[in-house]
Structure formats: C-alpha cells, structure tokens
2 protein chains.
Amino acid sequence: MNNGSHTLTDKETPSAVASHRIASLIRDQILDGSLAPGERIRQEEFAERFGASRIPVKEALRLLESDGLVTLVANTGAWVSRMSEEECVEAYQIRERLEPLLLRESLKNLDDATIDALDALAAEMEAGADVETFLRLDRQFHLLSYSAARTTALAEIIQRLWNSTQHYRRAYTLLVGIEHNQISHSHHHLIVDALRRRDPDDAESALVSHIRRTRSELSRHPEVFG
Amino acid sequence: MNNGSHTLTDKETPSAVASHRIASLIRDQILDGSLAPGERIRQEEFAERFGASRIPVKEALRLLESDGLVTLVANTGAWVSRMSEEECVEAYQIRERLEPLLLRESLKNLDDATIDALDALAAEMEAGADVETFLRLDRQFHLLSYSAARTTALAEIIQRLWNSTQHYRRAYTLLVGIEHNQISHSHHHLIVDALRRRDPDDAESALVSHIRRTRSELSRHPEVFG
DNA sequence: TAACCACCGATTGCATCCAATATCAACACA
DNA sequence: TGTGTTGATATTGGATGCAATCGGTGGTTA
C-alpha cells in the first residue's frame, strides 16, 4: 500500500507507474500531517506539482479513496477524508478484533532477535522524548511485532485502519502530551513478555487492552474531532 | 460498494459516473460466475462492450483491484483475481473475528420483525432446493442479520471478504452438494435463537462456529482451488 | 539439438483536447 | 429586504492519439 519505509506489506508496487508514485506521495503528505482532513485536493494543482498530467492524479485519488484517505465527490472534487468520532471508534473496534489475530499469526514465526528488538524499543520509548518520536517509536514497535506474519490481506486491512486514524491519533497525543500515555509502556512490556513466553492468548489479551485503552481515551477527548 | 440488489452498504454511489457503473457491471459478472478467476479482462474489449472509452474501464479496474477482485499488472493486463487455499483460509479467519462484531452491532438495533424474517429464511433453506437457491438464501440470511448495524466501515470490509471468496464458496457447494451442508441449518437456527433472546455473546459464538465450520470444510477440499 | 538474442505485435500508460456538471455571484422580483 | 433564478466560471469526467513496455516468435549460433 505504501512505498515509504514505514510499511507493513512490502508487496511490489510498481512505483515506476506514475499513478502509484503520485498516490504514495499524496498518502505520505496526509500521513505526516501536511495535508489535514478537510483540505481540498485539486487535480490540476497536484498534477503540475508532480510534473504530470491530470490523468494519473485522478487515478491516484481513486486509489486513495479506496484506502479511505480521500473522499471523492463526482464532478465536484476531492478532499482529505475527515472522520467523525463514531467512525474513529469503529476503526478501533475493528482493530481490537483484528490486530490480536495478526499478532498471533506473527508469533508463530517470530524469532528471539526480533523479540529482543521489541524489548529495546519499549525501553527506548520509556526514556521519553517529544511527541513525534513517541508516535514514531510506537508505530515501529507494533509494526515490528507484526512483521513475521504471513497473512497479507489481514496486514493490509490493519495498515489501512492505522492510516485512516493516524491524524486523530497524532492530534490526541499532541493534546494530552506523552506523559499522559505512560501507561502504554506497561502494555508494551506485557506484550513483549507474552511473546517471549510464546503465549498467544496472553499476547492477544494484552494487545486488546492496549487498543481498548486508546479507544476509550479518544472517546474522552471529542475535541480532537472538532 | 455494489449497486446490485444484494448489497450491504447502500451508500450513494454515483452510478451516473461511468467508471462506477462499469465497475459494478464487471463486479456482478465476477460474482455471478460468468467471469471466472484467472480470466483476462482486456480494457478495449470491455470498453466497446459497455459503449465507453478505455479510460473509465481502466478506473473501474483500479476500483475492483482495491476490492481484491481484480489483479492488475502494469503494462501487461488485468485478470480476475485467483485465490490460493491459504488466502481463502485467511479470509475466513478474518471473517471469524469480524462478523461476530458486526452481528453484535446489528443486534443493538434489530427489531422483532426482522428476526421473524430471519427465522422464515432459515426454515425456507431447510426446505431444500438447488445449489444456487441455497447460496442465495444463505447470503440473504446473513446480510439481513447484519442489516441493522450502523458500522459502515466494518460492513464494507466484510462485504469485500464475501465478494472475494464468493467463487470458491460456490465451487465448494457445487462440489459437495447442499445435502452435505445440512448442518448449516442448525447453525442458522442457533443464531436466530440467540438473537431472539438478545444475547450478543451467544449470537457471536454461534456465528463463530458457523464460519469456522465452513473454513475447515474448505480446507478439506483443496481441489476447489485447483 | 538446445539456448540465446533480436524483432514485432499486442496491450497498457499518459498527454492533450473537448464536453458536462457544480458552484457562486449578480440580478430581478415579490 | 429576502428569495428565487439565471448566467458565467471553475473544475472534473471522458474521448482520441501517441509513446512506452511486455510477451511471444523466429532465426542464429555454439
């Protein structure tokens, strides 16, 4: 889905094809926050920005629409998708059911070196830094914990959900500060511990409570969706 | 996603737009079996068949690719997606986690009349008929049981999974015959019973065992994927 | 005889041009 | 003064034509 370094499914996307390349560029801009929800995307403007015609931009927007990142209205235009609180909560409900399954699948093939790396990441997060580093390390931690899974369709659905909620996750973290998310460190350690013991059920339940906690936190801060 | 009558999410797809209309037509052909997995889809051929240019066909193929129904290779062509046994099993693993959630969400708003209708459908299936009727009623039963859910993203993911596995479900049923799926009737009755008692946990577990049974049956008949 | 290379047809990807549609502002009218 | 209507403008959707790329076939050579 994404050609960036922070990808989950590295399927060979022919980025030689302009429409896919453009889709990746726009996607990155949405994910890193330079394109905020509600902002309009004009085909002509982006076409000349990327030095291409409007056709590949149009197709790129279609791709992003199916990712849920862009909302298209016929004969009218394209906007960066805006999520309501209900939609975001729904995404977390789905993640709560699916990510444990992905973690379980990954655990089947997870080697000790990767578990050590996860441990190191959890410790590094605890050292504390700025919000952007916190978000980056958190993403890295979870993606690495899923990296040994061979279930590509599942990974793709989950990556989609991560992407579509990314903006609101950042907004929430910026709002409450990382010190308010200290409890996440405990969750991460619990997950690493369960993985090291090769206990899939325990790993699942630790991850469930981690995701559920974030969901309820988001519900307590509806101003993120204003 | 789909403009046909057998749709789950009736979001206003502007079918005035040619690319969406064409996507629906091709999707229907894939779902009803007239376009089998592995078959090639030539842009020019389908363009003149639908009385349009190649551009909307190309965009329609992109849409179908993101639905997982079509596989695109750059500068080479498009084929109806073919699933391996592993991919199909993976789809069922995901369904096993997600559909119970959708059923639970639906149950919150399900009225008694709909439950009666589900009961009637379960009975009608038991009366027995040909394979095609069996498949149609089964689909109708489950979609109706989900119809009161307001979680659109969840419904969309599940519809996608149904669509991508539809061909293999049909192949399996044709192979073993409907009499071999008598046990499904019991599952359906269990689900209706749990819904009538407004017991979400019981409804979930009945549905889980229903889906899991189908998954293991599919694993026992790998020739479906030959 | 088998393997390798060059060429050619077929098919898709992209750019340019034209048509259709929505948005917005000015204007007439009650 | 408020409202409905109508026109101009901006923006997207689609058709045609050309360039780029892939797959197969024939010929050549070791």
Side-chain angles (χ1 to χ4, degrees), chain A residues 1-3 11-27 29-30 35-82, chain B residues 1-3 11-27 29-30 35-82:
Chain A
M1 292 183 55
N2 187 341
N3 270 348
K11 65 189 297 187
E12 22 74 33
T13 311
S15 62
V17 180
S19 48
H20 284 203
R21 187 173 46 83
I22 292 175
S24 284
L25 290 170
I26 298 180
R27 192 192 342 261
Q29 288 194 21
I30 295 175
L35 247 59
E39 268 192 63
R40 182 153 192 188
I41 300 178
R42 261 174 266 267
Q43 292 184 4
E44 204 162 6
E45 176 190 339
F46 278 73
E48 74 171 334
R49 181 182 303 180
F50 297 132
S53 159
R54 270 177 37 223
I55 301 279
V57 175
K58 189 196 306 189
E59 293 187 2
L61 290 176
R62 286 243 134 88
L63 289 172
L64 294 170
E65 182 194 26
S66 70
D67 284 354
L69 289 178
V70 162
T71 303
L72 259 73
V73 180
N75 291 314
T76 306
W79 288 262
V80 179
S81 291
R82 182 197 296 278
Chain B
M1 291 184 56
N2 187 340
N3 271 348
K11 65 188 298 188
E12 20 74 33
T13 311
S15 62
V17 180
S19 47
H20 284 203
R21 187 172 47 81
I22 292 175
S24 284
L25 289 170
I26 299 180
R27 192 192 341 263
Q29 288 196 21
I30 295 176
L35 247 59
E39 267 192 62
R40 182 152 193 189
I41 301 178
R42 263 174 265 267
Q43 291 185 3
E44 206 162 5
E45 176 191 338
F46 278 73
E48 75 171 335
R49 181 182 304 180
F50 298 132
S53 160
R54 272 177 33 225
I55 301 279
V57 174
K58 188 200 305 189
E59 293 187 1
L61 290 177
R62 287 243 132 89
L63 289 172
L64 294 170
E65 182 193 28
S66 72
D67 284 354
L69 289 178
V70 162
T71 303
L72 260 73
V73 180
N75 291 316
T76 305
W79 289 263
V80 179
S81 291
R82 182 196 297 277

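- Look at CG on Leu61(A): it is 16 Å from C1' on dG14(D), rounded to the nearest Å.
- Enclosure of atom CD in Glu44(A) is not indicated, since only 12 or fewer non-hydrogen atoms of other residues, nucleotides or ligands lie within 6.0 angstrom.
- In terms of the side chain to side chain contact (heavy atoms under 4.5 Å, CB included) criterion, Glu48(B) has no residue partners (sequence neighbours excluded).
- Rounded to whole Å, the distance from NE2 on His20(A) to C1' on dC14(C) is 14 Å.
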Please tabulate the protein-to-nucleotide N/O contacts below 3.5 Å involving nucleotides 7-12 of chain D, giving atom names and distances.
residue	atom	partner	partner atom	Å
dT11(D)	OP1	Arg42(A)	NH1	3.3
dT12(D)	OP1	Gln43(A)	N	3.3

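- Here Glu65(B) pairs with nothing under the salt bridge (charged side-chain N to carboxylate O under 4.0 Å, His left out) rule; sequence neighbours left out.
- Shortest non-hydrogen contact noted between Ala78(A) and Leu61(A) is CB-CD1, 3.9 Å.
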Listed pairs under 3.5 Å, donor-acceptor, residues 49-60 of chain A side chains, sequence neighbours left out:
residue	atom	partner	partner atom	Å
Arg49(A)	NH2	Glu45(A)	OE2	2.9
Ser53(A)	OG	Ile55(A)	N	3.3
Arg54(A)	NE	Gln43(A)	OE1	3.3
Glu59(A)	OE1	Arg62(B)	NH1	2.4

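- Counting to the nearest Å, the C1' atom of dA15(D) and the CD atom of Glu48(B) are 15 Å from each other.
- The backbone N or O of Ile22(A) lies less than 3.5 Å from no partner atom in the side chain of Ser24(A), so there is not a single donor-acceptor pair.
- Atoms CD1 (Ile55(B)) and C1' (dA19(C)) sit 15 Å apart, rounded to a whole Å.
- As rounded to whole Å, 10 Å separates atom C1' of dT12(C) from atom CZ of Arg62(B).
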